[in-house]
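Have a look at the structure below, then the notes.
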2 protein chains.
Amino acid sequence: MFSKSCEYAIKAMIFVAQKSDNETRIGVKEIAKGTDAPEHFIAKIMQDLSRRKLIHSVKGPNGGFYMDKQDLMSSIADVVRAIDGDKIYSDCVLGLKACSEKNPCPVHHEYKEVKKNLIKMIEKNTIGEFKEKLDSGKYFLKNN
Amino acid sequence: MFSKSCEYAIKAMIFVAQKSDNETRIGVKEIAKGTDAPEHFIAKIMQDLSRRKLIHSVKGPNGGFYMDKQDLMSSIADVVRAIDGDKIYSDCVLGLKACSEKNPCPVHHEYKEVKKNLIKMIEKNTIGEFKEKLDSGKYFLKNN
DNA sequence: AATAGAGATGTTTTCAAAATCCTGTGAATA
DNA sequence: TATTCACAGGATTTTGAAAACATCTCTATT
């Protein structure tokens with residue numbers, strides 16, 4: 001569905017949202033631990049997210065990543081687009097390059113409905129909302 | 001979404017369904033051409049499908065693959081399970097191994113609905129139905 | 001100005017999926 | 001019964017994403 005990078009990106013966004021409440025910055029090491037991601041790998045992803053303006057970063061001592069009110073309003077879809085591009089929106093389930101509305105593969109129209117659902121779900125939910133879910137204690141990000 | 005192998009498998013099933021009308025057997029080469037797949041690779045996939053009883057095969061001269069009435073009733077889901085296992089049914093969108101109904105990740109419940117849709121779609125449609133779509137001339141399998 | 005913490009960036013290594021290769025086995029036909 | 005056609009299936013190579021590594025740059029603090 002999403003690439004590994006993208007999975008990490010989503011997890012990291014939610015993690016930072018949850019931890020960076022009072023202007024606190026979160027370092028790469030902590031993010032890596034909190035999301036069960038390899039440190040160097042997540043570092044790269046954080047840089048991507050920062051470059052794409054989905055998250056703020058501060059260099060130097062006491063630096064790290066944090067999210068402001070605006071950042072919290074990013075949707076999962078924003079993160080997916082930043083990392084995976086719009087593959088999700090355009091790709092054919094059977095991997096056919098020529099598949100389109102005008103030249104549909106046999107499953108095209110069936111899949112369109114599924115895709116519509118998927119997109120609605122990732123567009124609708126904001127990172128801030130997921131942060132609140134985590135805060136409630138009923139949801140988890142850890143791998144074990 | 002699906003693995004490359006699985007994409008080929010679905011295409012191959014639909015292709016053979018369409019071509020093997022009158023007890024005609026379809027050879028690996030023809031399947032490879034018809035689905036834009038590497039010959040040796042699709043050969044292996046066909047063997048998997050045959051072993052899983054989703055398709056019939058005949059060795060020797062004038063041999064090849066074909067589908068009977070029963071085979072035409074296989075769903076896309078049957079093919080997916082044969083090749084990719086039940087990853088689609090069980091995997092977490094965020095790749096969390098521990099994610100479950102009791103220990104949900106923040107997007108678990110949202111995604112569940114999308115997944116339900118996807119599964120309904122691949123369970124509902126049979127290979128035979130896709131064959132008919134192709135026969136109508138309004139749908140295509142080719143890559144260009 | 002020096003230092004040290006922390007992100008940014010580029011390169012290399014690792015590993016699993018994908019693709020290829022090669023040999024084996026069964027069936028049909030002459 | 002010998003030969004050839006075509007699937008079966010193991011072994012091997014290739015490829016590309018993921019992970020690890022090393023280096024550079026920036027900024028706060030003293």
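Proteins get letters first, then strands, A, B, ... in listed order; numbering begins at 1 in each.
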Nucleotide nearest S57(A) when distance is taken to its side chain, options dG26(C), dA19(D), dA8(C): dA8(C)

Taking the side chain as C-beta and beyond, is there a heavy-atom pair between [X] and [Y] under 4.5 Å?
| X | Y | value |
| --- | --- | --- |
| M1(A) | I88(A) | yes |
| M13(B) | M67(B) | yes |
| V28(B) | F65(B) | yes |
| K4(A) | Y8(A) | yes |

Mind calculating the distance between [atom1] ([X]) and [atom2] ([N]) to the nearest angstrom?
| X | N | atom1 | atom2 | answer |
| --- | --- | --- | --- | --- |
| D84(B) | dA18(C) | CG | P | 8 Å |
| Y66(B) | dA27(C) | OH | P | 13 Å |
| I42(A) | dA8(C) | CD1 | P | 13 Å |
| N62(B) | dA30(C) | CG | P | 11 Å |
| Q47(A) | dC24(D) | CD | C1' | 12 Å |
| E39(B) | dC5(D) | CD | P | 15 Å |
| K87(A) | dG16(D) | NZ | P | 14 Å |
| K4(B) | dA19(C) | NZ | P | 7 Å |

Sugar-phosphate, base or nothing in reach of [X], heavy atoms under 4.0 Å:
| X | answer |
| --- | --- |
| G60(B) | base |
| K29(A) | nothing |
| I45(B) | nothing |

Residue whose closest nucleotide on DNA chain D lies nearer the 5' end, Y8(A) versus K59(A): Y8(A)

Given DNA chain D, 5'-ward residue of the pair F2(A) and H40(A), judged by closest heavy atom: F2(A)

Phosphate OP1/OP2 of dC7(D): any R51(B) side-chain N/O under 4.0 Å: no

Phosphate OP1/OP2 of dA18(D) contacted by S5(A) side-chain N/O (<4.0 Å): yes

Base dT11(C) to side chain K44(A), donor-acceptor N/O within 3.5 Å cut-off: yes

Residue from H108(A), E110(A), H109(A) passing side-chain hydrogen bond (donor to acceptor under 3.5 Å, both in side chains) with K133(B): E110(A)

